[in-house]
Amino acid sequence: QVQVLESGGGLVQAGGSLRLTCTASTPAFSDDDVTWIRQAPGKEREFVASISFNGDYTSYADSMKGRFTISRDRTKNLVYLQMNNLQPEDTADYYCAVHRISAVAQSVDGYRYWGQGTQVTVSS
């Protein structure tokens, strides 16, 4: 049974921080790239950040640079998204997507495995 699980969401005031965690039982999670995607109510999905299999390469959407940090612990099969200086516009469901199958960089849907999401709400 392939499972992808996100955790760490919650309610935070503007300027606060949260750390999201992703773990998965995909065939080779520690060797797969991992991406965070978010979707706010009534809006389209948006690329947030991704990390390579060994953690040496990361990619961020321009609006997240300097505020969000993606990292991984391959030994523990964990991927993190540290979110600082959160703003109301960051309110969304955050999804962990594993193994990109799209040829498009920073794809919002081209991934083999998906979690069910964790909700982040930022109050003003």
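Model, not experiment: these values are computed from the prediction.
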*Do N84 and S17 meet the criterion of a side-chain donor-acceptor pair at a distance under 3.5 Å?*
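A donor-acceptor contact under 3.5 Å links the two side chains.
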
*Between Q106 and S50, is any side-chain donor less than 3.5 angstrom from a side-chain acceptor?*
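Checked: Q106/S50 side chains show no N/O donor-acceptor pair below 3.5 Å.
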
Check for me, please, whether [X] and [Y] land in the same ILVMFWY cluster - side-chain distances under 4.5 Å, paths through other members count.
{"X": "I51", "Y": "M83", "result": "yes"}
{"X": "V108", "Y": "V98", "result": "no"}
{"X": "V120", "Y": "V79", "result": "yes"}
{"X": "V12", "Y": "F68", "result": "yes"}
{"X": "L20", "Y": "Y111", "result": "no"}

*Answer yes or no: is there an ion pair linking R38 with D90, defined by an N-O contact shorter than 4.0 Å?*
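Counted as a salt bridge, because a side-chain N and a carboxylate O are separated by less than 4.0 Å.
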
*side-chain contact (heavy atoms from CB on, under 4.5 Å) evaluation trace for Y95 with V4*: CA-CA 9 Å; Y95 299 88; V4 180; over 6 Å; no

Could you give the distance from [atom1] ([X]) to [atom2] ([Y]), rounded to the nearest 0.5 Å?
{"X": "E46", "Y": "S63", "atom1": "CD", "atom2": "OG", "value": "5.0 Å"}
{"X": "Q116", "Y": "L5", "atom1": "CD", "atom2": "CG", "value": "8.5 Å"}
{"X": "R19", "Y": "S71", "atom1": "CZ", "atom2": "OG", "value": "7.5 Å"}
{"X": "C96", "Y": "Y113", "atom1": "SG", "atom2": "OH", "value": "13.0 Å"}
{"X": "Y94", "Y": "L81", "atom1": "OH", "atom2": "CG", "value": "7.5 Å"}
{"X": "I37", "Y": "D93", "atom1": "CD1", "atom2": "CG", "value": "13.0 Å"}

Expected output: side-chain [X] to main-chain [Y] donor-acceptor under 3.5 Å:
{"X": "T91", "Y": "P88", "value": "yes"}
{"X": "Y57", "Y": "F53", "value": "no"}
{"X": "T23", "Y": "N77", "value": "yes"}
{"X": "E6", "Y": "G117", "value": "yes"}

Looking only at non-hydrogen atoms, find the nearest pair between [X] and [Y] and report the distance.
{"X": "F47", "Y": "A61", "value": "O-CB, 3.3 Å"}
{"X": "R72", "Y": "D32", "value": "NH1-O, 2.7 Å"}
{"X": "G55", "Y": "T58", "value": "O-CG2, 4.5 Å"}
{"X": "R100", "Y": "A105", "value": "NH1-N, 3.9 Å"}

Could you tell me if the side chain of [Y] sits less than 4.5 Å from the side chain of [X], heavy atoms only?
{"X": "I70", "Y": "Y60", "result": "yes"}
{"X": "S7", "Y": "T21", "result": "yes"}
{"X": "D31", "Y": "R74", "result": "yes"}
{"X": "D62", "Y": "M64", "result": "no"}

*Compute both the distance and the angle, then confirm whether R45 meets the cation-pi test with W114: under 6.0 Å from the six-membered ring centre, within 45 degrees of the axis.*
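Yes.
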
